[in-house]
Student: 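Quick one: the structure is below, and I'll ask about it shortly.
Throughout, a chain's letter reflects where its sequence line sits, starting with A, and its residues are numbered from 1.
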2 protein chains.
Amino acid sequence: MMASTTVVEASVADDHDHEACRALGQILDRIGDKWTVMVVGALSRGPLRFNALMRTIGGVSHRMLTLTLRALERDGLVTRTAYLTIPPKVEYELTPLGRSLIEPLRVLSGWAIENRPAIESSRAAFDMAGEPG
Amino acid sequence: MMASTTVVEASVADDHDHEACRALGQILDRIGDKWTVMVVGALSRGPLRFNALMRTIGGVSHRMLTLTLRALERDGLVTRTAYLTIPPKVEYELTPLGRSLIEPLRVLSGWAIENRPAIESSRAAFDMAGEPG
DNA sequence: CAGTATCCGATTGGATACTG
DNA sequence: CAGTATCCAATCGGATACTG
């Protein structure tokens with residue numbers, strides 16, 4: 001890792017920046033909603049049933065969890081397996097495609113954890129300048 | 001790249017998954033909006049003035065670009081430099097913190113570009129099953 | 001237990017007009 | 001040119017009630 005040092009300052013741009021930004025915009029439209037990454041994170045440990053998922057995530061409504069899971073299923077990131085028992089049992093699991101998303105998300109969450117303090121102090125300074133007294 | 005093969009299946013979870021997911025959720029709340037990554041992408045090549053930024057991105061309203069830039073400035077990802085000339089000239093530029101975000105975003109856009117075809121065919125198959133005729 | 005449907009408040013974001 | 005303020009339509013998402 002680390003690559004060359006000069007690359008660190010390189011742009012996301014270069015030749016194909018336009019495509020990269022469009023693709024990035026699309027994927028963020030998709031996973032940038034309130035619950036998708038939470039679901040992927042919860043399922044990254046292994047399959048979970050609907051209500052277990054709900055408890056694991058916490059704070060998600062019945063409705064939104066359903067919608068989020070449908071969207072993930074539609075995109076091929078999650079599989080849904082229904083066991084026609086009484087009471088019903090439905091398991092959700094990441095597909096290989098879904099699992100392949102974990103690493104990119106890890107990179108991003110690593111950045112978030114590492115830089116959160118800097119962001120928060122920047123916010124404090126910015127807000128201080130605005131509301132002096 | 002490539003790392004070890006067994007890690008591919010590893011979970012985002014492990015010990016500190018909770019913190020990772022919370023941090024990720026927060027950062028996506030922040031950059032997962034409609035314009036932030038477009039602005040970062042546009043500025044990744046170098047400083048730009050307000051209207052240049054607007055033209056580069058395309059489709060963004062005056063208002064939203066302003067709000068997006070303010071938020072980025074507040075978080076310390078972008079600097080704003082106003083030249084008090086007539087007409088006014090204001091340049092926006094990524095800070096080191098802002099530039100550090102480029103690489104994680106690159107990883108994500110790489111994933112998006114690579115897997116978009118799979119996602120789209122999955123969508124087509126899913127929608128076909130739902131609306132048979 | 002899992003999923004759907006309806007309702008409604010909150011937030012988002014574009015259009016527009018106005019200011020320095 | 002850059003920024004702010006107002007207005008409003010569209011979307012998001014929670015609460016609730018109902019179904020198999």
Student: For Y83(B), which contact category applies under a 4.0 Å heavy-atom criterion: base, sugar-phosphate, or nothing?
Tutor: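 The answer is nothing, as Y83(B) stays clear of every strand by at least 4.0 Å.
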Student: For DNA chain C, what residues of residues 25-32 of chain A have any heavy atom nearer than 4.0 Å?
Tutor: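 Within this stretch, nothing sits under 4.0 Å of the strand.
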Student: State, to 0.1 Å, how close L48(A) and T56(A) come at their nearest heavy-atom pair, and which atoms those are.
Tutor: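 Looks like CD1-OG1, 4.0 Å.
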Student: Show the nearest heavy-atom pair for residues S122(A) and G76(B), with the distance to one decimal.
Tutor: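 Answer, listing the atom of S122(A) first, then G76(B): OG-N, 3.0 Å.
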Student: Under a criterion of less than 4.0 angstrom to any heavy atom of chain B, what are the 5'-terminal and 3'-terminal contacting nucleotides of DNA chain C?
Tutor: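 Going 5' to 3' along DNA chain C, contacts run dG13(C) to dG20(C).
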Student: Looking at E19(B) and R116(A), does any basic side-chain N land under 4.0 Å from a carboxylate oxygen?
Tutor: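 Looking at E19(B) and R116(A), the cut-off is met.
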Student: My understanding is that only residues two or more places apart in sequence, or in another chain, count here; which of them pass side chain to side chain donor-acceptor pair (under 3.5 Å) with W35(A)?
Tutor: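 Listed in chain order: nothing, the list is empty.
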Student: Measure from CG on D33(B) to P on dC12(D) and round the result to the nearest Å.
Tutor: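 Nearest whole value for this atom pair: 14 Å.
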Student: Strictly below 4.0 Å, heavy-atom distances to any atom of DNA chain C: list the hits from residues 59-70 of chain B, or just say none.
Tutor: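 Here the set is S61(B), R63(B), M64(B).
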Student: State the NZ-CD1 distance between K34(A) and I57(A), to the nearest 0.5 angstrom.
Tutor: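 Going from the NZ atom of K34(A) to the CD1 atom of I57(A) covers 12.5 Å.
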Student: Please find the pair of heavy atoms, one from P104(B) and one from L108(A), that lie closest to each other, and give the distance.
Tutor: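 What the structure gives for the nearest pair is CB-CD1, 3.7 Å.
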Student: Give a yes or no on whether a salt bridge exists between E120(B) and R123(B), defined as a side-chain N under 4.0 angstrom from a carboxylate O.
Tutor: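 Salt bridge: no.
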Student: L97(B) and D75(B): which non-hydrogen atoms are nearest, and at how many Å?
Tutor: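 The pair with the smallest heavy-atom distance is CD2-O, 3.8 Å.
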Student: With a 3.5 Å distance limit and no angle check, can you tell me whether R30(A) reaches the backbone of A71(A) through a side-chain donor-acceptor pair?
Tutor: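 A pair under 3.5 Å: yes.
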Student: Tell me, what's DNA chain C's dot-bracket, Watson-Crick or G-U with both distances under 3.5 Å, | for other-strand, [ ] crossing?
Tutor: ||||||||||||||||||||
Student: Check salt bridge (charged side-chain N to carboxylate O under 4.0 Å, His left out) between E91(A) and all other residues, then give those that pass, not counting sequence neighbours.
Tutor: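 Result, salt bridge (charged side-chain N to carboxylate O under 4.0 Å, His left out) vs E91(A): none returned.
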Student: So, for S109(A) and A20(B), which heavy atoms are closest and what is the spacing to 0.1 Å?
Tutor: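 What the structure gives for the nearest pair is CB-O, 3.6 Å.
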Student: Considering only NZ, NE, NH1 and NH2 on the basic side and carboxylate oxygens on the acidic side, decide whether E103(A) and R106(A) come within less than 4.0 Å.
Tutor: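 Salt bridge present between E103(A) and R106(A).
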Student: Donor-acceptor pair, distance only, cut-off 3.5 Å: does the side chain of T36(B) make one with the backbone of D33(B)?
Tutor: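 Side chain of T36(B) to backbone of D33(B): no pair is present.
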